2 protein chains.
Amino acid sequence: MKEEKCDISGIWEILGKRWSLHILRNLSTNGIVRFNELKRLLPGISSTVLSERLIELEHEGLITKKIYSEIPIRVEYSLTMRTTELESILKQLSNWVDKWKYYEEKHKITTDSINR
Amino acid sequence: MKEEKCDISGIWEILGKRWSLHILRNLSTNGIVRFNELKRLLPGISSTVLSERLIELEHEGLITKKIYSEIPIRVEYSLTMRTTELESILKQLSNWVDKWKYYEEKHKITTDSINR
DNA sequence: CCGTATCCTAGCAGATACTG
DNA sequence: CAGTATCTGCTAGGATACGG
């Protein structure tokens with residue numbers, strides 16, 4: 001267990017970490033998402049790191065974890081109310097990326113290297 | 001080597017990398033910045049990685065590199081025109097983080113209650 | 001001043017096993 | 001299902017020193 005993080009004020013550090021942005025973006029897009037669902041949405045992430053990031057994000061108050069004690073158990077993650085503004089920003093970022101990619105497509109000569 | 005985009009298309013991959021967001025944010029805030037200046041603005045980053053990121057960002061067309069063959073040499077980095085919209089988004093993100101931190105300060109009474 | 005080359009540690013994936 | 005624990009192996013990244 002490592003609990004030592006003391007430099008930059010949390011958020012920027014977390015946003016800078018791998019997967020964080022993608023997790024938030026997915027939660028923003030899909031609303032309420034379960035653990036394995038999220039894992040499927042993020043190709044390449046491991047359970048370990050996904051778990052870590054979710055804990056960090058929850059600890060910072062960016063996301064909410066809701067546990068349903070059913071069988072099998074169900075856990076749902078979602079953004080908190082305080083991240084409403086962030087959602088809008090992520091949405092804009094997402095749109096910007098799409099637009100950017102669109103121009104890339106048009107201006108790129110042979111982009112077949114990009115698999116799909 | 002891995003020039004094929006296995007996962008997400010270009011930009012998202014880069015934005016997800018460590019330091020990228022911070023670099024862009026700083027360029028957005030400060031306009032034209034030199035290498036070592038940027039390094040000073042990003043406590044903890046190494047020359048190696050800063051150099052890598054700058055190359056990636058330039059390659060994707062997000063930033064511009066301008067070299068002045070003086071002695072000593074001078075290199076200036078800045079955002080491109082195409083990132084104007086992104087600037088606005090980064091600005092919002094920055095504001096959001098500041099606001100968030102402000103509330104954190106006020107509400108952070110017993111942070112350690114969660115630690116460990 | 002602006003980087004790159006080198007070395008070495010931390011982070012992370014992937015597989016597997018186990019718990020609640 | 002939703003994790004945690006462990007181990008292997010690889011890659012990202014920090015520190016430093018040197019060359020352009």
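Keep in mind that this is a model prediction, so the values were computed, not measured. The chains referred to below are lettered A, B, ... by the order of the sequence lines, with proteins before strands, and numbering in each begins at 1.
- The side chain of A:N36 sits closest to D:dC1 out of C:dA13, D:dC1, C:dC1.
- Counted by atom type alone, B:S78 and B:K66 present zero donor-acceptor pairs between their side chains at under 3.5 Å.
- For B:S47, counting side-chain heavy atoms from C-beta on, the closest listed nucleotide (D:dT4, D:dG13, C:dT4) is C:dT4.
- Note on B:E56 versus B:R53: salt bridge recorded, some NZ/NE/NH1/NH2 to OD/OE distance being below 4.0 Å.
- Taking the side chain of B:F35 as heavy atoms from C-beta on, and the options C:dA13, C:dC2, D:dA2, the nearest nucleotide is C:dC2.
- Scanning atom types as modelled, no donor and acceptor separated by under 3.5 angstrom connect the side chain of A:T48 and the base of C:dA13.
- Rounded to a whole Å, the CD1 atom of A:I67 is 10 Å from the P atom of D:dT4.
- Comparing A:I73 and A:L50, the nucleotide of DNA chain C nearest to each residue sits closer to the 5' end for A:L50.
- A:L90 and A:M81 are members of different hydrophobic clusters when ILVMFWY side chains are connected at heavy-atom separations under 4.5 Å.
- Between the CD atom of B:E37 and the P atom of C:dC2 there is a distance of 9 Å, given to the nearest Å.
- Summarising the geometry, the separation between CD on A:E56 and C1' on C:dC12 is reported as 13 Å, rounded to the nearest angstrom.
- Residue A:Y68 is out of contact with every strand shown, counting any heavy-atom pair closer than 4.0 Å.
- For A:I55 and D:dA2, the CD1 to C1' distance is 11 Å, given to the nearest whole Å.
- As rounded to whole Å, 9 Å separates atom C1' of C:dG11 from atom NZ of A:K17.
- Side-chain polar atoms of A:E85 and B:Q92 form no donor-acceptor pair below 3.5 angstrom.
- The nucleotide whose nearest atom lies closest to any side-chain atom of B:E52 is, among C:dT4, C:dC1, D:dG13, D:dG13.
- Atom CD1 of A:I45 is separated from atom P of D:dT11 by 19 Å (rounded to the nearest Å).
- Checked for salt-bridge contact, A:R74 and A:E76 meet the test: a charged N lies under 4.0 Å from a carboxylate O.
- Remark: B:W19 is not in phosphate contact with D:dA12, judged by side-chain N or O atoms under 4.0 Å from OP1 or OP2.
- Under 4.0 angstrom from either OP1 or OP2 of C:dC1 there lies no side-chain N or O belonging to B:Y77.
- Closest to the A:P72 side chain, of the nucleotides C:dA13, D:dC1, C:dC1, is D:dC1.
- Residue contacts for B:K65: at a heavy-atom cut-off of 4.0 Å it reaches the sugar-phosphate backbone alone, with no base atom in range.
- In terms of phosphate contacts, B:R34 brings a side-chain nitrogen or oxygen within less than 4.0 Å of OP1 or OP2 of C:dC2.
- We find that CZ of A:R18 is positioned 9 Å from C1' of D:dT11, with the value rounded to whole Å.
- The distance from atom CD1 of B:I45 to atom CD of B:E52, rounded to the nearest 0.5 Å, is 9.5 Å.
- In this structure, of D:dA2, D:dG13, C:dT4, it is C:dT4 that holds the atom nearest to the side chain of B:S51.
- Taking atom CZ on B:R53 and atom P on D:dG14, their separation rounds to 9 Å, with Å as the unit.
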